[in-house]
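All ligand and atom numbering here is 1-based and tracks the order in the structure.
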Amino acid sequence: MWGICSRAMVKLGLAKPSGLVKPCHLVKPVSPTRVTGRYLTHQNSLPHLPVPPLQQTCDRYITALEPIVEVDELQHTKELVEEFQKPGGIGERLQRGLEKRASNTENWLSEWWVQVAYLDYRSPVVVHSNPGLVLPRMNFRDKQGQIRFAAKLIAGVLDFKTMIDNESLPVEYLGGKPLCMNQYYEVLSSCRIPGLKRDSVVNHAKSSQPPKHIIVVHNFQFFVLDVYNSDGTPLTVDQLCVQLDRICNASLQTTTEPVGILTTLRRDSWGKAYINLIKDKTNKESVTAIQRSIFTVCLDGAMPQVSEETHRSCAAIQMLHGGGAQWNSGNRWFDKTLQFIIGEDGMCGANYEHAPAEGPPIVALIDHVVEYMRKPEMAQSPTVPLPMPQILHFSITPEIKEVIEEAKQSMNTLAQDLDMRVMVFSHFGKNVPKAHKMSPDAFIQIALQLAYYRMYQRCCATYESASLRMFRLGRTDTIRSASSASAAFVKAFDNPRLQNTEKLDLMEKAVKAHKSYTNMAISGQAIDRHLLGLKMQAIDEKLSVPNIFKDPAYAKALHYHLSTSQVPSKTDCLMCFGPVVPNGYGICYNPMNDHINFAVSSFNSSKETNGAHLAQSMERALLDMWTLLEQTPRAKL
Ligand code: COA
């Protein structure tokens with residue numbers, strides 16, 4: 001992923017009842033008190049991201065193109081690649097430059113990646129970059145329930161923050177290897193700042209006076225809520241309830257301009273408006289308070305009632321963009337790294353700005369918060385009265401007002417264009433592929449290839465994010481799910497002349513090929529970030545960009561009709577994001593043990609795409625592959 005109420009939730013099989021189905025355990029700190037230096041010691045023990053060998057990447061690039069380009073295009077690319085990697089050529093020079101960069105930096109890729117994938121990106125962050133996260137519907141249905149839930153959620157996030165502050169967060173592992181924990185230290189107290197050509201991110205957690213407040217948005221009005229008592233203890237749930245109640249009462253009417261809607265603009269337009277906005281001293285102070293805050297809580301107004309069936313799709317829309325200016329898109333600050341969103345009808349989740357982190361750390365935080373909220377509440381002693389939370393004032397000039405109107409319109413257009421389908425595939429989850437000794441993730445990705453092929457009779461460039469967190473400051477690389485093996489399988493599957501044993505053999509090969517690409521990617525040996533690095537190195541050295549990067553096949557390889565990501569969680573939640581190309585799909589999934597949650601997005605303006613059809617095709621592909629597995633005798637593994 002680089003990234004209006006939906007028509008319908010695609011109900012495939014019986015949806016699970018809402019609720020947190022899987023018991024999980026609170027993340028326990030490794031120490032009850034601060035462990036100074038633990039974070040750095042861990043980070044320094046992690047390996048550096050390697051630079052893969054040049055010839056390996058060139059060979060793998062050609063292999064990756066095979067299923068998605070025409071024979072003559074491939075021949076042309078082969079010639080360009082040959083020229084690029086010839087002894088003494090430009091490829092070798094760039095490779096040397098990259099290796100030098102790798103030996104002089106903590107991570108040769110991360111800074112470039114954040115710049116290219118996020119900060120230079122000029123489309124609005126909303127839908128195009130920020131993911132949404134949907135939690136199961138909660139049990140409250142009114143304002144008081146909303147406030148109590150929000151108070152508990154804030155207390156849970158502050159509990160997690162203690163582990164970050166104390167450096168006592170347990171280290172995570174993938175495939176037995178310890179992971180980089182840096183992203184956890186970037187998600188609180190930080191914010192993206194718009195720029196005319198490039199944005200930036202500020203993190204106030206490491207400042208000499210780290211923030212002690214959060215921002216609460218209600219009826220498009222922003223309030224500063226101090227969440228620590230003067231003795232340094234976090235406010236209790238009861239104290240938070242009192243403060244949230246005061247905020248809601250102080251903002252019963254929508255009397256102000258929805259200044260938050262400005263953060264939905266294209267980044268260059270917002271960058272220009274931002275300079276104008278903060279010329280005013282009060283505006284500057286208000287914006288700084290939002291940027292410095294630990295996180296934001298958006299208390300949304302009542303929404304039209306929807307059936308339980310459509311609830312998750314509607315919730316995904318609220319979490320992703322707020323439904324447009326007439327609903328909640330102005331009740332957000334989309335530049336804020338972490339925003340929790342709570343509706344009056346039990347809808348809840350989050351939206352996060354992607355530059356500082358990937359989904360898994362956000363989901364881990366949310367898993368902790370959900371589990372924390374399940375704990376029985378302790379009886380709390382009466383407390384001293386707290387000061388009234390401060391409203392943030394904005395002085396809106398006619399010029400800014402005009403930009404706000406533009407932002408409302410462009411947000412509404414975007415909201416109407418986005419189609420979002422949440423599908424709960426309830427026939428099986430990770431359990432079935434595991435029982436058949438297959439990687440569940442690979443199984444799902446191959447099913448997606450089959451679903452797409454059945455709709456379009458072709459394979460397409462497919463992106464799946466792979467974690468590079470085994471390396472210091474690692475972010476992601478790309479797993480290219482369309483492979484020659486997957487192409488052979490999807491082309492064979494509906495061929496009535498083939499035996500099931502042949503189809504099963506092709507399926508096993510496709511699943512294995514995907515798993516092996518995954519292993520290659522998470523160990524830093526995939527091709528996409530290496531190719532990007534070589535291109536960036538050319539730009540850095542002020543050399544002309546080599547022809548392989550101007551090749552139509554390269555553009556085709558980067559035009560991801562399918563942009564996908566697995567974000568697993570303990571809680572029965574689901575992340576969602578928009579497509580990365582106008583005629584593509586954005587697909588996020590959470591494979592639980594016995595069911596799989598999918599979010600499928602596409603643009604209504606594209607005549608090529610249809611989210612409902614893809615979701616149905618996906619269900620059919622998963623079921624057909626399951627049937628093939630169950631009904632076909634397998635050679636002994
Ligand atoms: N037989 C039996 N079980 C198997 C198996 C096999 N052949 N292969 C895998 N499994 C098991 C695993 O042990 C694991 O078990 P668990 O549920 O007890 O943990 C489970 O199946 C899942 O494994 P798999 O489906 O292969 O996926 P994964 O957990 O290795 O994840 C990626 C694969 C690509 C998603 C992961 O490596 C990754 O990079 N994640 C980060 C993605 C990211 O950053 N996304 C966010 C972008 S915003």
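Contact annotation: for Pro360 versus ligand 1, heavy atoms closer than 4.0 Å belong to the side chain alone.
Considering backbone and side-chain N/O of Thr518, none are found under 3.5 Å from N/O of ligand 1. Geometrically, ligand 1 and Ser565 share a nitrogen or oxygen pair separated by less than 3.5 Å. Between Asp441 and ligand 1, at least one pair of N/O atoms sits closer than 3.5 Å. In terms of polar-atom proximity, defined here as any N/O pair under 3.5 Å, Glu358 makes no such contact with ligand 1. Taking any N or O of Glu464, backbone or side chain, none lies under 3.5 Å from an N or O belonging to ligand 1. Looking at ligand 1, you won't find any N or O of His354 less than 3.5 Å from one of its N or O atoms.
Formation of a donor-acceptor pair under 3.5 Å by the Lys515 side chain with backbone atoms of Ala510 is not found in this model. Panel note: side chain Asp505, backbone Lys503; no donor-acceptor pair is recorded below 3.5 Å. Not a single donor-acceptor pair under 3.5 Å links the side chain of Ser606 to the backbone N or O of Ser602.
Within the cation-pi definition used here (under 6.0 Å to the ring centroid, within 45° of the axis), Arg192 does not qualify as a partner of Trp333.
Of all heavy-atom pairs spanning Gln115 and Arg198, the tightest one is NE2-NH2, 2.8 Å. Between Ile164 and Tyr185, the shortest heavy-atom contact is O-CE2, 3.4 Å. Across all non-hydrogen atoms, the minimal contact from Cys460 to His561 is SG-CB, 3.6 Å.
Ligand 1 places these atoms under 4.0 Å from at least one heavy atom of Ile522: 37 (O), 39 (O). Under a 4.0 Å criterion applied to the non-hydrogen atoms of Ala466, ligand 1 contributes the atoms 39 (O). Shown in contact with Ile479 at under 4.0 Å from a heavy atom are these atoms of ligand 1, numbered in order with element: 34 (C). Close contacts between ligand 1 and Ser467 involve ligand atoms 38 (C), 39 (O), 41 (C) [criterion: under 4.0 Å to a heavy atom]. Shown in contact with Lys437 at under 4.0 Å from a heavy atom are these atoms of ligand 1, numbered in order with element: 1 (N), 6 (C), 7 (N).
Not a single heavy atom of Ile444 sits closer than 4.0 Å to an atom of ligand 1. Between His436 and ligand 1 there is no heavy-atom distance shorter than 4.0 Å.
Side-chain contact check for Glu464 versus Asp441: some heavy-atom pair is nearer than 4.5 Å. In this structure, the side chains of Ser439 and His514 stay at 4.5 Å or more apart for every pair of heavy atoms. Contact check for Trp270 versus Val125: no side-chain heavy atoms found under the 4.5 Å cut-off. Residues Arg529 and Thr476 meet the side-chain proximity criterion, which asks for heavy atoms closer than 4.5 Å.
Across Ser439, Pro568, Pro433, Ser465, heavy-atom proximity to atom 42 (C) of ligand 1 is greatest for Ser465. In the candidate list Pro440, Ala435, Gly474, Pro440 is nearest to atom 23 (O) of ligand 1, counting heavy atoms. When the heavy-atom distances from atom 31 (O) of ligand 1 to Met592, Met575, Gln566 are ranked, the shortest goes to Gln566. Between atom 5 (C) of ligand 1 and the options Met438, Arg475, Lys434, the minimum heavy-atom separation is to Met438.
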